[in-house]
Structure formats: structure tokens, C-alpha cells
Amino acid sequence: MNRKSRDIERRSRLLVDGRRGAGPVVYWLSRDQRVHDNWALLCAQQEALIRGRGLVVVFCLVTDYPGGEQRSYHFLLAGLAELARQLAELGIGFVLLRGDPALALPPWLHRIDACTLIGDFDPLRLKRQWQRRLLAEIGIPFIEVDAHNVIPAWIASNKREYSAATFRPKYRRLIDDYLTDIPAVIRHPHPGPAASPPLETDRLLGEVTGRRAGPVNWLVPGETAGKAAVETALNDRLPGYASRRNDPCGNGQSNLSPYLHFGQISAQRLAWRVSGAPLAEEDRQAFLEELLVRRELADNFCLHESDYDRFAGFPAWARQSLDEHRGDRRPYCYSLAELENGGSHEALWNACQRDLVATGKLHGYLRMYWAKKILEWTSEPEEALHIAITLNDRYSLDGRDANGYTGIAWSIGGVHDRAWPRRLIFGKVRFMNEKGCRRKFAVDDYITAVNLN
Ligand code: FAD
């Protein structure tokens with residue numbers, strides 16, 4: 001077996017076998033919305049080349065995805081329109097189906113007599129339900145590929161990891177073998193179905209039900225823009241990352257999470273570039289810790305903890321401690337609507353919320369603070385969790401993501417963290433306050449900057 005086949009094979013798993021149809025190989029693209037550096041597309045192309053078949057990529061558009069807003073669909077649809085054009089240039093078809101994949105895909109696969117179905121790995125509940133229901137309906141082989149993580153989530157660890165400290169050694173043992181260059185997808189030699197008409201993104205956007213968060217214009221969607229953003233990050237943002245990434249006024253983060261979330265850039269390609277870039281070693285290591293260990297640990301949590309977005313998913317020490325503090329008097333107690341409108345008593349928190357609503361991105365350090373205050377200012381941890389997830393999914397471009405559910409569970413429920421000295425309301429969950437922020441960065445400058453925008 002050559003290197004490329006081995007690399008594809010170890011990122012793939014056959015979930016159901018079946019009888020191959022006489023038609024094209026189909027890649028059901030969902031989490032990894034890119035043409036280049038995509039192991040799932042490479043897997044589908046390899047299968048199509050071996051069988052001498054055409055190759056089609058299909059996307060199922062669900063216009064009422066939980067938390068989905070005009071903002072996120074605008075990013076998604078613009079990315080898909082570019083993807084369809086790039087696929088056409090490579091002789092690969094693109095089809096957009098509408099609605100629940102478990103309902104929309106089977107009759108279409110049947111109609112085209114599909115040969116094999118390839119799909120993206122995704123640890124989130126709804127995606128796994130789609131996949132489970134779909135697999136019960138198709139009679140052809142289904143191969144799942146993890147093109148999102150550098151080390152496939154099912155290989156990195158086969159259990160829920162307690163913390164980064166338990167995950168990191170397992171990850172480090174494997175990463176050198178998995179962090180490689182990625183082969184190119186080639187122009188496909190076997191004809192597939194006739195080309196689809198260009199995607200009517202404006203019309204499709206009009207059908208999206210979420211209308212609270214409009215598109216943002218500071219970040220251009222799509223694979224090409226994502227590649228350019230990687231270059232900007234490498235040149236301007238990653239030098240100094242180790243010291244600046246926790247300063248919300250410092251422009252020290254890469255801003256790549258929306259591209260990573262939609263799969264418009266490959267984490268492996270990014271990590272590969274960062275590994276070979278002329279960066280200070282402490283910046284390189286600090287960035288790779290976030291991009292690889294923390295990001296893939298979030299997938300580990302969502303894969304192995306079915307309650308990843310519920311109180312029941314918190315570690316036992318945190319549940320017990322939060323339970324003991326349920327009766328604590330809450331000096332401030334806000335509703336979802338009050339918080340959504342940035343109507344708390346505190347200027348910093350309100351600025352965070354306004355920033356999130358206006359730009360679709362809150363700085364990583366402030367996200368922790370923002371979520372912890374929601375725990376402090378709501379009636380119970382379950383309510384805090386609900387509000388934090390609702391607002392993060394609704395307004396963050398990178399929301400509806402394993403990183404978001406894990407980051408919120410870390411902030412509110414001590415997931416991947418340790419017990420801290422006991423405090424009111426928080427119990428043993430790590431506490432943060434405005435004073436701590438003032439020690440870290442120029443809080444008033446941040447508030448002024450948000451209010452000027
Ligand atoms: P950089 O600092 O440049 O990091 C590069 C990449 O590393 C990120 O794009 C991300 O993929 C990964 N990364 C960085 N920090 C973390 C982390 N703590 N955990 C996991 N991966 C990380 N991230 C999301 O992608 N979507 C979310 O919805 C989300 N919600 C969060 C909510 C809360 C309450 C918290 C505490 C964290 C959340 N994070 C989320 C994680 C992290 O804050 C963001 O990934 C990061 O701020 C994105 O900005 P960046 O790309 O500029 O990050």
C-alpha cells in the first residue's frame with residue numbers, strides 16, 4: 001500500500017457494508033467544507049478511481065439548524081458556492097439537497113444508483129443522529145472519515161479524557177506520525193453527473209429561519225479567503241502568540257476559528273504550516289497546543305460524553321459542589337433576554353456581549369469570563385448552561401461547535417479543569433472576576449473600543 005492510501009485508510013472506518021451500485025461514488029460533505037486538504041474527499045476520489053466511477057459531492061442544507069442564523073448561513077453558503085465552482089474545475093459534481101440528510105439522501109442515492117457513500121466524522125449529537133438514521137436506510141457501503149482532526153478522534157483516545165494532562169501524552173505519542181503534508185486532489189478522469197447550476201446563495205439565505213444575527217463583513221468566507229487568513233496569521237498574529245494571546249486588546253489570536261469550524265481550512269494543513277514556519281519556538285508550541293491538543297480534546301469530550309451540553313456531563317466533583325451551592329443568594333439574577341441585550345450591571349460583561357453580537361467573535365480570554373459571569377448571575381447552573389450555549393451558538397460565527405460546548409462546560413462545570421478553593425455560587429468551579437481581568441489587560445480600552453464600533 002502506498003503512503004497516500006495508508007494515510008487515507010487510517011483516517012477512515014467502514015461503518016456499514018453493502019452492495020455497491022453502478023453509479024458514482026458520493027461524498028456527503030458536512031463538517032469539512034473544503035476541496036483541498038480534505039481526507040474525506042481524497043478517500044472518495046480513491047474509491048472512485050479504484051472502481052472507475054464518477055465522483056459527486058453532496059451537501060444537505062437544513063435551513064433551521066439549532067442556533068443557525070443568517071450570520072452563520074451566509075458564511076456557509078458563500079463557502080459552498082466557491083466549493084461548487086472549484087469542484088467543477090476538477091471534474092467533480094456538486095449537488096445541494098434540501099432538508100434532513102436522513103430523509104433527503106436515501107432516495108437520491110437510490111436514484112443515481114450510488115456506488116459508495118463517504119461521510120465526515122462529527123461528534124455532535126444531531127449529526128450522529130442523522131448519520132445513524134441514514135445508515136439504516138442505505139444499502140451501500142458507508143465510510144466515515146475524520147478530516148477535521150489531525151489524529152482521528154477514535155484513535156487519539158478511546159475514552160473520555162479527564163483533562164488536557166491525561167490527553168496530551170497520548171496525543172504526543174501519535175502526532176509526529178499523523179502530522180504530514182497532504183496529497184492533492186486530482187482532476188477526476190471519470191465523468192459524473194451533469195454540472196449543477198450555480199448556487200443561488202441569496203435565495204437560499206432568504207429561507208433561513210434564524211434572523212437575530214446578520215452577516216458580518218470583517219471576515220470573508222470561503223476556502224480561498226481562509227488560506228489568505230492563514231498567511232496573515234502566520235505573518236502578523238502568531239509572532240508573539242505565547243505572550244499576546246490572552247490580551248483582548250492585543251490582536252494576538254489567529255481569528256481562524258470560523259474557517260476551522262466550517263472546515264473551510266484544514267487544521268492539519270495549518271499545523272503543518274505552523275510547524276515549518278520561522279516562528280519563535282514558544283509561539284509555535286503555544287499555538288499548536290490550542291490548535292491540536294485543546295481542539296481535539298474538545299472532540300474527545302463530545303464524542304465520549306453524550307451529555308456534553310448538559311449538567312450531567314460535568315465531572316462528579318463539580319456537580320456535587322454546584323449542587324451544594326444551589327441555595328446561595330444571587331445578588332444579580334438575569335434572564336436570557338436581559339443578558340442577550342447586554343443589560344447586566346457590569347460594563348465589561350456588557351461590552352463582551354455587544355462585541356459578540358456585533359462581530360460574531362469574542363476573544364478567547366473574554367469567553368471564559370463571559371460564561372463564568374453567566375453562572376454567577378443566573379438562577380441555577382442548568383439555566384446558565386442554557387443561556388451560554390444559546391448565545392454562543394446564535395452569535396458566534398464559530399458556534400455550534402465541539403469547542404463551544406467544551407469551552408462552556410469548562411467555564412461553568414469544571415470540565416477538564418480541577419477543583420479550586422470553594423466560593424459562593426461557584427462552589428469549587430474556578431472563579432473569575434473583573435479585578436482579575438484588570439490585572440491581565442486594559443479593560444477600559446476594550447470597553448471603549450467596543451462602544452465606539
Ligand atoms: P487562536 O487562539 O488563534 O487558536 C487557534 C485555534 O485553536 C482556534 O481557532 C481553535 O480551533 C483552537 N483553540 C483555541 N483555544 C481553544 C480552546 N480553549 N479550546 C479548544 N480549541 C481551542 N471555540 C470555537 O471554535 N467555537 C466556539 O463556539 C467556542 N466557544 C467557546 C466558549 C467558551 C465559553 C470558551 C471558554 C471557549 C470557546 N471556544 C470556542 C474556544 C476558544 O475560545 C476559541 O477557539 C478561540 O478563541 C478562537 O479564536 P482564534 O481562532 O482566534 O483562536
Side-chain angles (χ1 to χ4, degrees), residues 31 67 69 71-72 75 124 148-150 161 163-164 167 171 218-219 226 229-230 232-234 236-248 250-268 270-271 273-274 279 283-302 308-309 349 352-353 355-356 359-375 384-385 387-417 429-430 432:
R31 195 187 195 195
E69 289 282 327
R71 172 172 296 172
S72 45
F75 209 84
L124 298 187
H148 213 74
N149 294 300
V150 181
E161 291 295 335
S163 67
F167 184 59
Y171 196 86
W218 65 276
L219 203 62
V230 167
T232 305
L234 282 167
D236 304 341
R237 291 174 165 262
L238 298 195
Y241 182 81
S243 54
R244 284 191 301 131
R245 74 191 144 136
N246 279 337
D247 179 358
N251 261 344
Q253 284 196 296
S254 70
N255 276 347
L256 293 173
S257 58
Y259 297 109
L260 288 164
H261 165 72
F262 288 99
Q264 293 176 357
I265 60 173
S266 143
Q268 184 173 341
L270 174 58
R273 289 295 317 278
V274 168
L279 289 166
D283 294 336
R284 185 189 340 273
Q285 292 310 330
F287 186 75
L288 291 177
E289 165 73 12
E290 302 299 339
L291 176 70
L292 300 179
V293 177
R294 296 283 167 175
R295 199 180 51 86
E296 302 201 2
L297 178 62
D299 257 33
N300 169 275
F301 177 59
C302 294
Y308 59 77
D309 53 354
W349 195 91
C352 291
Q353 176 61 20
D355 197 4
L356 176 63
T359 65
K361 181 149 190 313
L362 185 57
H363 187 279
Y365 184 79
L366 290 175
R367 283 178 138 168
M368 300 188 258
Y369 179 74
W370 172 88
K372 283 184 179 289
K373 291 293 133 182
I374 298 178
L375 171 62
L385 199 53
I387 291 178
I389 289 175
T390 303
L391 295 180
N392 191 55
D393 280 358
R394 190 174 282 169
Y395 291 103
S396 289
L397 259 180
D398 62 15
R400 308 152 309 282
D401 189 286
N403 277 352
Y405 302 119
T406 310
I408 289 169
W410 179 90
S411 307
I412 294 176
V415 166
H416 300 151
D417 204 359
V429 172
R430 187 197 295 246
M432 281 173 82

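We're numbering straight along the sequence, starting at 1. For ligands, and for the atoms within them, numbers begin at 1 and follow the listed sequence.
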For [X], is the nearest heavy atom under 4.0 Å from an atom of ligand 1?
X    : value
Y405 : no
R237 : no
G399 : yes
W370 : no

Have T232 and D236 got a donor and an acceptor in their side chains that come within less than 3.5 Å?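 Side chains of T232 and D236: no pair found under 3.5 Å.
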Practice task
Classify the side-chain pair Y405/D393 by whether it contains a donor and acceptor separated by less than 3.5 Å.
Solution key: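 Short answer, yes.
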**OP:** Just jot down the salt bridge (charged side-chain N to carboxylate O under 4.0 Å, His left out) partners of R237, sequence neighbours excluded, or say none.
**Re:**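 Partners of R237 under the salt bridge (charged side-chain N to carboxylate O under 4.0 Å, His left out) test: none.
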Give the numbers and elements of all ligand 1 atoms closer than 4.0 Å to a heavy atom of [X].
X    : result
L291 : 7 (O)
M368 : 36 (C)
G364 : 43 (O), 47 (O)
L260 : 9 (O), 11 (O)
S411 : 34 (C), 36 (C)
A371 : 34 (C)
R295 : 11 (O), 20 (C), 21 (N)
F287 : 3 (O), 4 (O), 5 (C)

When only distance counts, is [X] in polar contact with ligand 1, meaning an N/O pair under 3.5 Å?
X    : answer
A298 : no
D398 : yes
E290 : yes
R400 : no
N392 : yes

For [atom], what's the nearest protein heavy-atom neighbour? Residue, atom name and distance, please.
atom                    : result
atom 2 (O) of ligand 1  : Y241 OH, 2.5 Å
atom 24 (C) of ligand 1 : N403 CB, 3.3 Å
atom 49 (O) of ligand 1 : K361 NZ, 3.1 Å
atom 19 (N) of ligand 1 : R294 CB, 3.8 Å
atom 48 (C) of ligand 1 : S257 OG, 3.3 Å
atom 47 (O) of ligand 1 : Q253 NE2, 3.2 Å
atom 3 (O) of ligand 1  : S254 OG, 2.6 Å
atom 50 (P) of ligand 1 : N255 N, 3.7 Å

Looking only at heavy atoms, which two atoms of [X] and [Y] are closest? And how far apart?
X    : Y    : value
L256 : V230 : CD2-N, 3.9 Å
W218 : T359 : NE1-O, 2.7 Å
S72  : F262 : O-CZ, 3.5 Å

Ignoring hydrogens and geometry, is there a side-chain-to-backbone donor-acceptor pair from [X] to [Y] under 3.5 Å?
X    : Y    : answer
E161 : N300 : no
H363 : N251 : no
R394 : E69  : no
R244 : P239 : yes
K361 : N255 : no

*asked:* Determine whether H261 and N403 satisfy the following criterion, side-chain contact (heavy atoms from CB on, under 4.5 Å), listing intermediate values before the conclusion.
replied: CA-CA 9 Å; H261 165 72; N403 277 352; over 6 Å; no
Parallel, tilted or perpendicular: which one describes the rings of Y241 and F287, with boundaries at 30° and 60°?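 Y241 and F287: perpendicular rings.
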Taking the inter-plane angle between the rings of Y259 and F75 on a 0 to 90° scale, is it parallel (under 30°), tilted (30 to 60°) or perpendicular (over 60°)?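 Plane angle between 30° and 60°, so tilted.
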(message) Can you tell me which portion of W410 lies within the under-4.0 Å heavy-atom range of ligand 1? Options are side chain, backbone, both, or neither.
(response)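 Neither; nothing of W410 gets under 4.0 Å from ligand 1.
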Open item on the list: Can you tell whether the side chains of R294 and E289 come within less than 4.0 Å, N to carboxylate O?
Closed with: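 Salt bridge present between R294 and E289.
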### R367, E296, R245: member with heavy atom nearest to atom 39 (N) of ligand 1
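Closest candidate by heavy-atom distance is R367.
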### Message
Heavy atoms only: which of A271, A409, G407 lies closest to atom 35 (C) of ligand 1?
### Response
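Looking at heavy atoms only, the winner is G407.
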Quiz item: Considering residues at least two apart in sequence or located in another chain, which fulfil the ring-ring contact (aromatic ring centres under 6.0 Å, His included) criterion with Y369?
Solution: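 Applying ring-ring contact (aromatic ring centres under 6.0 Å, His included) to Y369 gives none.
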